[in-house]
Novice: 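Can you keep this structure in mind? I'll have questions shortly.
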Amino acid sequence: MRAIRRFTVRPVLPPALAALGDLAGNLRWSWDPAAQDVFEYVDPTLWESTGRDPVKLLGAVGRDRLEELASDAAFLERLGAARADLERYLTGDRWCQRRQAAGEDCPKAIAYFSPEFGITAVLPQYSGGLGILAGDHLKAASDLGVPIIGVGLLYRHGYFKQALSREGWQQESYPVLDPDGLPISLLREENGERATISIAVPGGPDIEARIFVARVGRVPLLMLDTDLEHNPETYRDITDRLYGGNSEHRLRQELLLGVGGVRAIRAFCRITGHPAPEVFHTNEGHAGFLGLERIRELTVAEGGPKLDFDTALEVGRGSTVFTTHTPVPAGIDRFPRTLIEQYFGEAGPTPGVPVDRVLALGAEDYEGGDASVFNMAVMGFRLAQRANGVSQLHGHVSRGMFRGLWPAFDEAEVPITSITNGVHAPTWVAREVVALAVGQGADPEDDDTTAFWAAADKVPGAEVWATKRLLRERLVKDARKRLARSWEKRGAARAELGWIENALDPDVLTIGFARRAASYKRLTLMMRDPARLKSLLLHPERPIQLVIAGKAHPADDGGKKLIQDIVRLSDDPEIRHRIVFLPNYDIAMAQPLYPGCDVWLNNPLRPYEACGTSGMKAALNGGLNLSVLDGWWDEWYDGNNGWAIPTADGVEDVDHRDDLEADALYDLIENEVAPRFYDLDAEGVPARWIEMTRHTLKSLGPKVLATRMVRDYVRQLYTPAALTARALNSDYAGAAELAAWKKKVRTGWSGVRVEHVESSGVSDAPEVGDQMSVCAFVALGDLSPADVDVQLIHGRSNGEDELSDTTVESLRVAETYEGGRHRFDGDLVLDHSGAFGYTVRVIPRNDLLASPAELGVVALP
Ligand SMILES: *Cc1c(COP(=O)(O)O)cnc(C)c1O
């Protein structure tokens with residue numbers, strides 16, 4: 001029978017236990033072991049059976065037990081301490097406040113938009129890496145006191161749960177999430193009514209959405225939800241699930257996230273008095289429509305400043321940061337241009353913003369572009385003055401991928417920088433690993449310092465080894481439980497499952513591999529040569545065991561086939577105790593998985609892994625990475641913190657390339673990894689292995705952290721963006737000037753020419769140390785010398801006259817002639833021997849530009 005109405009009765013806690021409700025109401029418990037221990041104490045069995053979910057736990061625990069706890073002095077003391085610690089965490093000065101006290105700038109607030117957020121297993125609003133990263137970003141911002149507001153959607157089903165059929169085929173299910181049972185609360189107006197936002201849609205009623213707020217430590221996360229009684233069914237389904245449905249469905253989700261997200265922030269700030277964001281950060285292109293809503297606010301909205309479009313564009317751009325996350329062209333978010341045309345008319349979500357300007361922002365109007373599509377990444381770059389990739393290598397790949405937007409510039413000058421991703425240590429590091437450092441006197445409050453991770457050096461090898469065994473054993477137990485559950489679902493009788501009690505071995509070298517079954521990740525590379533794999537698994541002295549997990553997108557049969565191949569292999573009775581596939585990779589599985597692995601395997605097709613973060617989580621738990629030099633590993637592999645799988649870059653034949661790389665992988669495991677792991681000294685400790693573990697913790701520990709990442713964002717992107725925003729926003733005169741100046745430069749640029757360059761002072765046989773003078777005769781047309789930077793670029797020259805290792809120096813204006821012509825002078829010293837070359841170029845100059853390539857124009861001789 002179906003209920004006509006459903007609601008969840010919230011528990012009433014005895015007054016003495018009110019603090020339990022406070023702890024459950026802020027997701028900080030998910031990275032605070034003391035709070036977790038408090039919940040576990042309430043009822044250890046329920047704690048496990050609810051999947052460590054405080055809201056469900058408090059809903060399920062009996063009144064008798066609550067009354068018992070209310071008079072349990074020892075419990076009340078622990079509860080009080082955890083509550084006091086939360087208060088201290090929420091209100092004390094942290095990195096950002098200390099920075100401000102020291103006179104450094106920091107934005108007053110930053111809005112961070114993402115289509116998914118992976119914060120805890122009990123709020124399953126993520127599908128994979130992008131969401132986990134967004135969750136870690138919010139948590140680290142909270143730890144640092146950085147005033148971020150997260151903005152996302154609340155999906156009724158979240159992402160799917162994965163199970164297996166008897167044949168090993170992925171089965172998806174979409175359990176309904178009841179918002180009343182989630183650790184979120186409804187945003188309400190002061191009069192108690194729920195706050196809503198609405199979005200106009202051509203030819204239909206407005207879409208209305210309510211706003212839930214999750215408390216992520218100090219950070220509020222706003223989640224929009226269209227599942228409202230009076231929305232038509234099609235609208236109620238906008239937030240039905242993550243990454244499902246056709247283009248139009250996705251467009252509606254993205255309108256809600258971008259346009260609705262800005263409106264939700266306005267409502268939140270109005271109601272709570274929170275400062276308005278100075279900076280808007282869009283995590284991937286999906287939230288890009290936020291820029292259009294901000295233009296609407298600035299151009300036509302009631303009570304707004306009524307700027308012209310170009311001025312508003314400058315204000316929006318100056319305060320927006322765009323992060324691109326994928327080097328896989330198919331991963332770029334694109335819509336049919338006609339769909340955008342249909343939605344963004346006068347009756348659309350951003351009335352008054354001209355549809356032709358909207359279309360132009362997402363147009364692939366460059367060489368190789370497709371005129372029929374609207375590209376969200378391209379719009380992202382055009383609506384954000386500052387943009388980045390997520391590792392150094394990915395920054396490089398992105399500059400190549402998007403250089404069509406700045407065709408006059410060399411790849412190195414394409415204005416896409418990089419900030420390498422990081423992971424939130426308190427979420428991902430097993431407490432036993434933290435305890436190793438604390439045991440050597442390290443301060444757990446300082447877990448993101450070099451000193452904290454350097455303590456690894458002092459921990460005795462036997463202690464490290466014993467801890468790793470404990471963690472491996474925990475993983476083995478968890479894996480056996482999951483295997484048994486999976487086999488029961490696959491239709492096996494209990495009697496058939498005796499072997500599971502001996503599946504995996506807490507003393508065998510454990511290699512983990514968990515990731516989405518996207519084809520570039522090559523889930524099945526390890527089984528390229530099944531006989532060779534088998535011999536590694538069953539090696540008489542030095543066996544390995546593999547723990548594998550990963551979901552395929554529900555529409556991706558190719559990915560499901562890969563999973564099936566792995567599952568079938570792992571079903572083989574001869575090896576099933578040494579290779580397991582665990583269904584439903586999620587945060588709950590990941591948390592014991594990373595610490596329990598000795599080696600973390602990653603073998604993507606280089607360079608398609610933008611960054612990758614799972615290997616970072618393994619490293620923070622003392623695991624060694626065995627990975628292709630892609631993403632973050634390309635940057636931080638140092639020869640001693642793990643192994644690099646050699647890649648056959650440039651081998652065109654994909655099969656052959658896979659063969660070569662799989663062979664290299666087997667060789668490494670057989671000749672390097674396993675021998676080192678099993679090389680025990682007199683105390684039974686693999687000393688050379690422990691050396692690498694220590695080195696990993698010490699060298700990677702401080703780098704791979706989300707707090708390092710968020711600090712980088714604050715220093716390199718958020719604060720500069722906030723400063724630009726202030727310069728443009730004060731009375732908008734700066735923005736109007738900038739817009740007018742850009743127009744002048746763009747129209748006047750055809751008159752800019754380098755007419756003639758002379759050099760003097762160098763003899764026929766130049767030597768290091770010689771000084772050379774250069775003067776350039778430049779025509780500027782209607783522009784003045786103040787509008788431009790005339791640069792002398794010099795460096796090594798190769799046979800083709802290409803310059804490398806270049807240095808750029810600005811020439812100064814020396815003389816002005818009639819007709820807009822000028823002479824610019826400068827000197828340089830020949831500072832190295834060998835082939836030398838130089839050139840001169842003219843680029844626009846304005847203090848409010850973030851990059852010389854911003855206008856895309858340059859004049860060369
Ligand atoms: C860390 C994590 C990911 C992302 O890992 P990648 O290395 O980026 O593939 C995906 N899912 C879960 C559950 C994670 O914890």
Side-chain angles (χ1 to χ4, degrees), residues 30-31 51 114 116-137 139-140 158-162 242-243 283-284 323 325-328 331 389-391 393-394 420-430 475 478 482 512-523 547-553 559 582-597 599-621 623 625-636 642 700 704-706 709:
S30 68
W31 70 94
S114 173
E116 45 174 310
F117 285 93
I119 293 159
T120 128
V122 306
L123 192 57
Q125 298 288 320
Y126 62 94
S127 76
L130 184 74
I132 306 274
L133 178 79
D136 281 5
H137 196 104
K139 292 174 192 171
Y159 201 53
F160 72 91
K161 284 198 161 184
Q162 179 195 49
L242 196 48
Y243 306 135
N283 188 27
E284 196 47 276
T323 302
H325 284 267
T326 177
V328 185
V390 293
S391 67
L393 179 61
H394 177 235
T420 304
N421 286 341
V423 299
H424 185 242
T427 298
W428 297 110
V429 181
L475 168 63
D478 185 62
R482 288 173 184 273
F513 184 98
R515 47 194 32 91
R516 279 182 301 122
S519 58
Y520 75 87
K521 300 216 183 209
R522 297 194 296 189
L523 192 63
V547 182
I548 305 161
K551 291 174 172 176
H553 187 278
L582 304 180
N584 202 37
Y585 180 38
D586 68 354
I587 292 178
M589 178 199 293
Q591 281 177 324
L593 176 60
Y594 302 127
C597 288
V599 171
W600 194 252
L601 175 64
N602 184 33
N603 51 33
L605 202 57
R606 190 174 187 268
Y608 290 126
E609 186 74 87
C611 178
T613 52
S614 51
M616 298 177 168
K617 300 176 217 167
L620 284 182
N621 285 288
N625 278 269
L626 169 59
S627 172
V628 160
L629 285 177
D630 201 2
W632 74 281
W633 193 234
D634 184 62
E635 205 165 312
W636 287 331
L700 292 176
V704 301
L705 300 177
M709 167 180 74

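Just follow the structure's listing: the first ligand is 1, and inside any ligand the first atom is 1. Sequential numbering from 1 along the given sequence is applied to the chain's residues.
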Novice: Short question: side chain of Asp136, backbone of His424 - any donor-acceptor pair under 3.5 Å?
Specialist: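 Flag set: sc Asp136 to bb His424 pair under 3.5 Å.
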
Novice: Between Asn602 and Arg515, is there a side-chain donor-acceptor contact under 3.5 Å, judged purely by atom types and distance?
Specialist: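 The criterion, which ignores hydrogens and geometry beyond distance, is satisfied for Asn602 and Arg515.
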
Novice: Show the nearest heavy-atom pair for residues Ala514 and Ser614, with the distance to one decimal.
Specialist: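 Heavy atoms of Ala514 and Ser614 come nearest at O-OG, 4.4 Å.
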
Novice: Under 3.5 Å, is there a donor on one side chain and an acceptor on the other for Glu635 and Ser391?
Specialist: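 Judged by distance alone, the side chains do not pair up.
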
Novice: Trp600 pairs by side-chain contact (heavy atoms from CB on, under 4.5 Å) with which of Tyr594, Phe513, Trp633?
Specialist: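 That would be Tyr594; it is the only one of Tyr594, Phe513, Trp633 passing the side-chain contact (heavy atoms from CB on, under 4.5 Å) with Trp600.
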
Novice: Can you run down the salt bridge (Lys or Arg N to Asp or Glu O under 4.0 Å) pairs that involve residues 609-619, sequence neighbours left out, and say none if there aren't any?
Specialist: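 As it turns out, the salt bridge (Lys or Arg N to Asp or Glu O under 4.0 Å) pairs with a partner in residues 609-619, which skip direct neighbours, are Lys521-Glu609.
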
Novice: Any idea which residues sit under 4.0 Å from ligand 1, heavy-atom distances?
Specialist: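 If the criterion is a heavy atom under 4.0 Å, then ligand 1 touches Gly128, Gly129, Ile132, Trp428, Arg515, Lys521, Tyr585, Asp586, Ile587, Ala590, Tyr594, Gly612, Thr613, Ser614, Lys617.
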
